[in-house]
Amino acid sequence: MYLAQRMGRLLATEIRRELAVRQGRTAREAAGRQRAQAVRQGLEDLGPFWIKIGQMLATRPDLMPQTVLDELEVLHDRIEPEPFASFEPVLVGDLGADWREQFKDIETDRPLGAASLAQTYRAVMPDGQDAVVKIQRPGTRKVVTADMAVLRRLARTISKRAPKFSALVDVEAMLNVIFDAMEPELDFTLEAKNMERARACAEEFEHLSIPEVILATEHVLVQSLAPGRSIRDAKPEEFSEDERLAIGQDLMAFMYKGFFNDRFFHADPHPGNIFVEPGKGATIIDWGMTGRMDRSLSSTILLLFFQMANNDGAAVASTWISLGHPTAWAQPLAFEDDMANFVPKIASASLDELNFGVSLTAILQFSTKRGIRVNPAIAILGKAFGNVEGAVRCLCPDIVITDVLEDEIQEIIFGLVRDLLSEKQYACNTLEMMHAAPTLMRKTQGLLDSLTNNEFTLRTVERKDPQTVLAEAAAARSRNRRRALLAATAFVLWKLRSNKATLPQPLIPLYTPCRWGLRPAGPR
């Protein structure tokens, strides 16, 4: 009921605003800013789930005008805090009536932060350790579950009433991405597991750390306090040049490793979620929203990056189409022309100006315009790229981001090869061949019998739309290139597995022969 009332008020205000523009009483540019502010305020008023919807929409520049995107970005940081009294019942429910005895001190007068689903407070543990207490807003799960049900009904309505839009933007898939991402924020034990996994991934990076989980319940998370301040407020002059560059390189390398090897990454690494302190490196906080990718998507994104750097617009177009599904009215040739014009601008830019996150979202805009639907996870990935690149530039604007990738590429590529040569993958490939062999043998025998008995016939099918044929052919070429590249790499390494001395010198300390091929010799 409240949602309908709020939407009704927004609609009435928008009608008045549009009349004012047409009557010349308000400039259209000013009206656009007012509209964006009204959307942002409306999402904040509707509650935490809708704030998350706004944050997701902020990753889709292909759907939202820039004025709205600018306002939606504000949803990350400017949430009005509530009094501690409204959060104390949550502590009592999860930690017991004597919850205060579990802390030496807790500062309840002023929260450290106020997010859409929780507030955080500074505390001191009985052993003197500085900590942060994260408390979920009361009744959050009930409200979010009800809002999810409303949005699911809305998504089904859109699918029925706007089939053309639904063919281009899979609203239900977008919602599923949001719902999956929000689960750890509705159950802090899941966020704690994310943090433990992230700590394991960050162990090899000297200048990075993840807060330690001290206590976790469904609605309360106690973790060690991140030293320093937000990277956006850091003073570069307080750090030595070597330390600044080392922190920036480790942050970028950690994200690249998450994207392409671990396939698990922080989905919202904006500057407010990265703290830095001279002599203590960087600490990445707030692991409630993470991203995950499968192997195919991860390797395809890596291929896309190198095609962009190699100034190959046609290859970028082909690979991008393979990530999604062209609609019936798609224009793959026009999209290829778009990439032919866009990619050279990236390739000709100086390395320190290249921003892969912004480039991904720009390609997303082109593809939507040309009727090509892509996996909604691409938008989150592009946003994560853009956020971490922006955060790194706060501390070390002179860092060359692609140099970091070049330094890490050997680890990334051979991480992919290790996957291909792993016992698990070997077993998977063997089972796939065993499963396919009987069917293949039957079909082959049937074909031979038909030829022998002069019963072979050629069946024709209805001709497909030329644009669809082109799109499918482009996608097939991209898949074949990727498979050939990985197969060739795996074959070369397999041939070299028993002769360590013939490996290129940089690879000798990384890999040693083993039963199934090559394995890591030890930590980095």
Requested in this report: Tell me, with the steps shown, if Thr300 and Leu323 meet side chain to side chain contact (heavy atoms under 4.5 Å, CB included).
Outcome: CA-CA 8 Å; Thr300 305; Leu323 288 170; 3.4 Å; yes

Query raised in the report: Where do Val90 and Ile135 land on the side chain to side chain contact (heavy atoms under 4.5 Å, CB included) test, with the steps shown first?
Result: CA-CA 7 Å; Val90 179; Ile135 311 171; 3.7 Å; yes

Query - Worked verdict on Phe265 versus Phe254 for ring pair (Phe, Tyr, Trp, His ring centres under 6.0 Å) - result: CA-CA 9 Å; Phe265 58 92; Phe254 176 67; over 10 Å; no

Query raised in the report: What do the steps show when you test Met308 against Ile363 for side chain to side chain contact (heavy atoms under 4.5 Å, CB included), and what is the final call?
Result: CA-CA 11 Å; Met308 290 164 62; Ile363 296 174; 4.1 Å; yes

Report task. Take Ile106 and Arg122, measure what side chain to side chain contact (heavy atoms under 4.5 Å, CB included) needs, and give me the verdict at the end. Result -> CA-CA 6 Å; Ile106 180 169; Arg122 183 165 185 163; over 6 Å; no

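Atom CG of Leu112 is separated from atom CG of Leu225 by 7.0 Å, given to the nearest 0.5 angstrom. Leu251 CG to Leu208 CG: the interatomic distance, rounded to the nearest 0.5 Å, is 5.0 Å. Note that CG of Leu117 and CE of Met289 are 11.0 Å apart. Values are rounded to the nearest 0.5 Å. Here Asp262 contributes atom CG and Met255 contributes atom CE; the two are 11.0 Å apart, rounded to the nearest 0.5 Å. Rounding to the nearest 0.5 angstrom, the gap separating the CD atom in Gln223 from the CH2 atom in Trp287 is 12.0 Å. Residue Leu302 holds its CG atom at 11.5 Å from CG of Leu297, rounded to the nearest 0.5 Å.
Side-chain contact check for Asn194 versus Thr290: some heavy-atom pair is nearer than 4.5 Å. The closest side-chain heavy-atom distance from Ile321 to Ser318 is not below 4.5 Å. Residues Val343 and Asp312 have side chains not in contact (no heavy-atom distance under 4.5 Å, counting atoms from C-beta outward). At a threshold of 4.5 Å between non-hydrogen side-chain atoms, the residues Arg35 and Thr67 do not count as touching. Inter-residue side-chain proximity for Val143 and Asp147 is flagged as met; some heavy-atom pair is nearer than 4.5 Å. Contact annotation: the side chain of Ser298 never approaches that of Phe259 to less than 4.5 Å [non-hydrogen atoms, C-beta and beyond]. Between Pro269 and Ile284, every side-chain heavy-atom pair lies at or beyond the 4.5 Å cut-off. Considering only heavy atoms from C-beta on, Asp187 comes within 4.5 Å of Glu218 through its side chain.
With sequence neighbours excluded, no residue satisfies side-chain hydrogen bond (donor to acceptor under 3.5 Å, both in side chains) with Thr108. With sequence neighbours left out, the side-chain contact (heavy atoms from CB on, under 4.5 Å) criterion links Thr217 to Asp94, Leu95, Leu215, Val220. In this structure Glu212 satisfies the salt bridge (Lys or Arg N to Asp or Glu O under 4.0 Å) test with no other residue, sequence neighbours excluded. Listed by chain and number, the residues in a salt bridge (Lys or Arg N to Asp or Glu O under 4.0 Å) with Arg229 amount to none (sequence neighbours excluded). For Asn273, the side-chain contact (heavy atoms from CB on, under 4.5 Å) criterion is met by His266, Asp268, His270, Ile285, Asp286, not counting sequence neighbours. Taking Lys104 as the reference, Val124 meet the side-chain contact (heavy atoms from CB on, under 4.5 Å) condition, with sequence neighbours excluded. Looking at residues two or more places apart in sequence or on another chain, you find no salt bridge (Lys or Arg N to Asp or Glu O under 4.0 Å) involving Arg292. When the ring-ring contact (aromatic ring centres under 6.0 Å, His included) test is applied to Phe188, no partner is found at least two apart in sequence or on another chain. The side-chain contact (heavy atoms from CB on, under 4.5 Å) search around Arg153 returns Ala149, Val150, Arg156, not counting sequence neighbours. The salt bridge (Lys or Arg N to Asp or Glu O under 4.0 Å) search around Asp338 returns Arg370, not counting sequence neighbours.
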Under 3.5 Å, which donor-acceptor pairs do the side chains of residues 239-249 form with other protein atoms, sequence neighbours left out?
residue : atom : partner : partner atom : Å
Ser240  : OG   : Glu243  : N            : 3.1
Glu243  : OE2  : Gly279  : N            : 2.6
Arg244  : NH1  : Leu395  : O            : 3.1

For residues 81-88, please give each side-chain donor-acceptor pair under 3.5 Å, one per line with the distance, not counting sequence neighbours.
residue : atom : partner : partner atom : Å
Glu82   : OE1  : Ser86   : OG           : 3.4
Glu82   : OE2  : Arg137  : NH1          : 3.0
Ser86   : OG   : Pro83   : O            : 2.8

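Closest approach of Met252 and Val388 over heavy atoms only: SD-CG1, 4.1 Å. Taking both residues in full, the closest heavy atoms of Ala267 and Ala384 are given as O-CB, 4.1 Å, listed atom of the first, atom of the second, then distance. Nearest heavy-atom pair across Cys201 and Lys257 is O-NZ, 3.8 Å. Of all heavy-atom pairs spanning Gly371 and Ala330, the tightest one is O-CB, 3.4 Å. Nearest heavy-atom pair, Ala282 versus Val276, reported as atom, atom and distance to 0.1 Å: CB-CG1, 3.8 Å. Shown here for Ala253 and Phe205, the closest heavy-atom pair between the two residues is CB-CE2, 3.6 Å.
Partner Lys134 forms a side-chain hydrogen bond (donor to acceptor under 3.5 Å, both in side chains) with one of His219, Glu191, Gln119 and no other, that one being Glu191.
The pair Arg33-Glu71 does not count as a salt bridge, with every side-chain nitrogen at least 4.0 angstrom from each carboxylate oxygen.
At a cut-off of 3.5 Å, with distance as the only test, no side-chain donor of Gln129 or Ser224 sits close to an acceptor on the other residue.
No donor-acceptor pair closer than 3.5 Å links the side chain of Asp105 to the backbone N or O of Ala123. Listed for the Thr368 side chain is no donor-acceptor partner under 3.5 Å among the backbone atoms of Gln365. Judged by distance alone, the side chain of Thr319 and the main-chain N or O of Leu304 form no donor-acceptor pair under 3.5 Å.
The aromatic rings of Tyr256 and Phe260 sit parallel, their planes meeting at an angle under 30°, below the 60° perpendicular limit.
When ring centroids are compared, Phe366 and Phe335 stay outside the 6.0 Å threshold.
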